[in-house]
Amino acid sequence: MQVKVNSGSDHYSVGATQFDKILEQVTHRDIVITDNNLTACYPSLKNISGNLITIPAGEESKSFDQYEKVVEQIFQSSFLRNGTIFAIGGGVVGDLAGFVAATVHRGVRFVQVPTSLLAMVDSSVGGKVGIDLRHGKNLLGSFYNPAAVYIDPAVLQTLPVEHFQNGMAEVIKYGWILDTELLEILNQETLTATSRNLQEIVFRCVALKCDVVEEDFTEKSGLRAILNFGHTVGHALEAQVKYKNLLHGQAIAIGMVAEVAIANELGLSQLRTQDIEPLFQQYQLPICPTSHVNLDQLISLMLGDKKSTGNGIAMSLVLEPGQCKLVDNIDPALVRRVLANIWS
Ligand SMILES: NC(=O)c1ccc[n+]([C@@H]2O[C@H](COP(=O)([O-])OP(=O)(O)OC[C@H]3O[C@@H](n4cnc5c(N)ncnc54)[C@H](O)[C@@H]3O)[C@@H](O)[C@H]2O)c1
Ligand SMILES: [Zn+2]
């Protein structure tokens with residue numbers, strides 16, 4: 001299985017390859033960046049030909065401090081411009097290693113090997129790399145395409161179930177914004193890490209994301225914004241709890257339900273929250289916040305969302321299953337009223 005991506009002047013492919021075969025591609029010239037959960041689950045990582053850099057698992061590693069430590073280790077090794085940096089891990093490893101690859105020697109060859117469901121269907125394709133700063137998430141970064149993306153869905157068998165469900169929120173999102181056939185497949189069965197059609201579904205999502213980013217790599221036309229369905233509310237919820245005890249997939253599941261209610265209130269869609277909730281419940285994803293939300297603070301966080309042009313709140317709203325559009329200038333009072341109503 002393979003998806004070809006033409007992104008600006010870059011061309012690369014996202015292909016299915018066995019994990020061991022991927023590791024065999026690493027040469028003595030290369031660097032592999034991974035995290036300690038991956039080295040615990042896959043001891044063969046310690047036998048690769050290149051240099052292995054292991055970072056602590058978790059979002060805290062997407063930091064300036066960790067970036068500096070990794071870069072120091074790279075320059076202490078004999079890494080040259082013609083080497084490749086492999087990112088083997090979830091979105092944290094991919095984002096950090098990609099930013100390292102974009103900046104070391106002003107850019108070296110970079111290969112993504114996503115090992116979480118979220119990284120496979122979302123973060124490893126599209127070329128966004130970066131780290132968090134004290135001022136906020138993903139604030140320092142770049143658009144930097146990989147030379148290749150290799151996916152082995154079999155590694156999802158060691159991914160904690162909670163993180164599998166987290167990735168499923170993005171899979172479900174693709175169905176609502178672009179692909180009604182995918183929604184039908186998802187409605188028929190509950191996917192697990194051992195489902196026979198998992199690889200097919202992962203690559204279906206990869207192809208959908210690639211189509212969007214090929215059209216709008218640097219987010220200029222607004223098309224890429226449709227990938228942000230559920231994310232205006234979701235990102236604000238994540239920021240409010242300071243990214244603690246709420247996974248991204250959980251936040252956007254709550255966000256997608258809320259944004260369906262908002263689209264309905266605006267008269268843009270006939271969809272109701274009941275139409276969208278069951279798929280999230282199938283994967284133990286929340287449909288409303290489980291702890292207290294400060295609505296005034298949430299609204300001000302949404303007004304600061306990067307999609308907003310300064311007039312009201314901007315959201316990528318589903319108009320009907322498979323069709324999504326960026327809507328700007330939404331009245332904050334309406335959003336507040338809807339959220340207060342559905343979360344009461
Ligand atoms: N660049 C983008 O376009 C983009 C898009 C979406 C999200 N992101 C970023 O991705 C990050 C989240 O990614 P994530 O959800 O993959 O988190 P993550 O990288 O923290 O991985 C989740 C957990 O699963 C573990 N893990 C990963 N693969 C495993 C495997 N096969 N077996 C066992 N354990 C495994 C990790 O060690 C970690 O503990 C965030 O920082 C987010 O900002 C980036
Ligand atoms: Zn997301």
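Starting from 1, each residue takes its place in the sequence as its number. Both ligands and their constituent atoms are indexed starting at 1 by order of listing.
- For the ligand labelled ligand 1, residue Lys137 lies inside the 4.0 Å heavy-atom shell.
- Looking at heavy atoms from C-beta onward, Pro332 lies in side-chain contact with Leu303 at the 4.5 angstrom threshold.
- Checking side-chain atoms of Glu259 against main-chain N and O of Gly230 turns up a donor-acceptor pair under 3.5 Å.
- No part of His248 comes within 4.0 Å of ligand 1, judged by heavy-atom distances.
- The part of Leu118 lying near ligand 1 is the side chain, judged by heavy-atom distances below 4.0 Å.
- For Glu181, the CD atom counts as loosely surrounded, since its 6.0 Å shell holds 12 or fewer non-hydrogen atoms of other residues, nucleotides or ligands.
- Every atom of ligand 1 with a heavy atom of Asn166 under 4.0 Å away is listed here by number and element: 15 (O).
- Comment: Lys137 engages Glu59 in a salt bridge, judged by a side-chain N to carboxylate O separation of less than 4.0 angstrom.
- For the Zn ion (ligand 2), the count of nearby protein N, O or S atoms, meaning those under 2.8 Å away, is 3.
- Applying the 4.0 Å criterion to heavy atoms of Asp122 picks out, from ligand 1, the atoms 5 (C), 6 (C).
- For ligand 1, the atoms sitting less than 4.0 Å from at least one non-hydrogen atom of Lys62 are 9 (C), 40 (C), 41 (O), 42 (C), 43 (O), numbered in the order shown with element in parentheses.
- Taking atom 36 (C) of ligand 1 as the reference point, the nearest protein heavy-atom neighbour is Asp35 OD2, 3.4 Å.
- Contact annotation for Asn36 and ligand 1: no heavy atom of the residue comes within less than 4.0 Å of the ligand.
- Under 3.5 Å, the side chains of Thr103 and Tyr67 contain a donor-acceptor pair of N or O atoms.
- Given atom 41 (O) of ligand 1, the protein heavy atom at minimum distance is Glu59 OE1, 2.6 Å.
- Here Asn138 has side-chain heavy atoms under 4.0 Å from ligand 1, and that is the only part of it that gets that close.
- Annotation: atom 17 (O) of ligand 1 to nearest protein heavy atom, Gly91 N, 4.1 Å.
- Of the candidates Asn37, Leu159, Ile55, it is Leu159 that places a heavy atom closest to atom 26 (N) of ligand 1.
- In this structure, Phe75 and His105 have perpendicular ring planes: the angle between them is above 60°, well past the 30° mark.
- Residues Asn197 and Glu189 bring a donor and an acceptor atom of their side chains to less than 3.5 Å of each other.
- Contacts between Ser116 and ligand 1, counted as non-hydrogen atom pairs separated by less than 4.0 Å, involve both the backbone and the side chain.
- Looking at Asp132 against ligand 1, nothing comes within 4.0 Å, counting heavy atoms.
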Enumerate donor-acceptor pairs with a distance under 3.5 Å from any side-chain N or O in residues 22-31 to protein atoms, sequence neighbours excluded.
residue : atom : partner : partner atom : Å
Gln25   : OE1  : Tyr150  : OH           : 3.1
Thr27   : OG1  : Arg29   : N            : 3.2
Thr27   : OG1  : Asp30   : OD2          : 3.1
Asp30   : OD1  : Thr84   : N            : 2.9
Asp30   : OD2  : Thr27   : N            : 2.9

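- Not one N or O on the side chain of Asn264 forms a donor-acceptor pair closer than 3.5 Å with the backbone of Val260.
- Nearest residue to atom 23 (C) of ligand 1 from Glu162, His163, Lys128 is His163 (criterion: closest heavy atom).
- Shortest non-hydrogen contact noted between Gly89 and Ala119 is O-CB, 4.2 Å.
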